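Below is one structure, written out as C-alpha cells, with a few remarks after it.
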Amino acid sequence: MTAAELNAFLDREFPQIHADGRIYEIEAVSPGEAVISVKPSERHLRPGGTISGPTMMALADLAAYAVILAHIGPVALAVTTNLNMNFLRKPGPGDLVGTCRLLKLGKRLAVTECGIAGRGEDDLVAHATATYSIPPR
C-alpha cells in the first residue's frame, strides 16, 4: 500500500484517530519502512511543555501498523501483541516524526522498530519495538 492508500484506509476504518483533528499523517512508504508524523495540539502536551508519552506511544504503534499494512495489504484485524517503548530525551512541543522499519515479516507475526525524533532533528526522543499478530488470510 502507498502512503495515500494507507491514509485513506485509516480514515475509513479508524476515523476515531482524527477525533482531535488530523494530527497523524503517513508521509512516506518505501520497501521495509514507513514514515509517520504527529502534529500535537495543546491536549498532547504534559507539564513542562513536552509531548506526552501516550502521544509518542500512539505514534509508534500507528507507525508499526502502517509499515506492516504497507507490505501485506489492508488487513484491519492485524493487532498489537507487544509494544516496548524507551523514552530517551524530552521532546519539544513541535511535530514528531516516526520512522518505522520491518525487522521480521512472517505469516503470523511481524516485528518492527521505530525511531521518533523532532521534525528535522537527528537525535531520537524515543525508540520502540512492536510485534503484531497477523490474522490468517
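All values derive from a computational prediction rather than experimental measurement. Atoms considered below: every heavy atom in the structure, side chains included; atoms not considered: hydrogens, waters and symmetry mates.
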Backbone N/O of Ala64 and side chain of Thr112: donor-acceptor pair under 3.5 Å: no

Qualifying salt bridge (Lys or Arg N to Asp or Glu O under 4.0 Å) pairs with a residue from residues 4-13, counting only residues at least two apart or across chains: Asp11-Arg22

Side chains of residues 27-36: which donor-acceptor partners sit under 3.5 Å, not counting sequence neighbours?
unit_1	atom_1	unit_2	atom_2	d
Glu27	OE2	Ser37	OG	2.7
Glu27	OE2	Arg119	NH1	3.4
Glu27	OE2	Arg119	NH2	2.6

Where at least one partner belongs to residues 53-64, residue pairs that pass side-chain hydrogen bond (donor to acceptor under 3.5 Å, both in side chains), sequence neighbours excluded: Ser52-Thr55, Asp61-Thr80, Asp61-Tyr132

Co-membership, hydrophobic cluster, residues Val79 and Leu103, 4.5 Å side-chain: no

Where at least one partner belongs to residues 68-106, residue pairs that pass ring-ring contact (aromatic ring centres under 6.0 Å, His included), sequence neighbours excluded: none

N/O donor-acceptor pair under 3.5 Å between Lys39 side chain and Leu96 backbone: no

Residues forming a side chain to side chain donor-acceptor pair (under 3.5 Å) with Tyr24, sequence neighbours excluded: none

Atom pair CG/CE of Leu62 and Met57 - distance to nearest 0.5 Å: 14.0 Å

Test side chain to side chain contact (heavy atoms under 4.5 Å, CB included) applied to Pro136 - qualifying residues, sequence neighbours left out: Arg108

Test side chain to side chain contact (heavy atoms under 4.5 Å, CB included) applied to Asn86 - qualifying residues, sequence neighbours left out: Asn84, Leu88, His127

Plane angle bin for Phe9 and Tyr65 - parallel if under 30°, tilted between 30 and 60°, otherwise perpendicular: tilted

Partner set under side chain to side chain donor-acceptor pair (under 3.5 Å) for Arg101, not counting sequence neighbours: Glu113

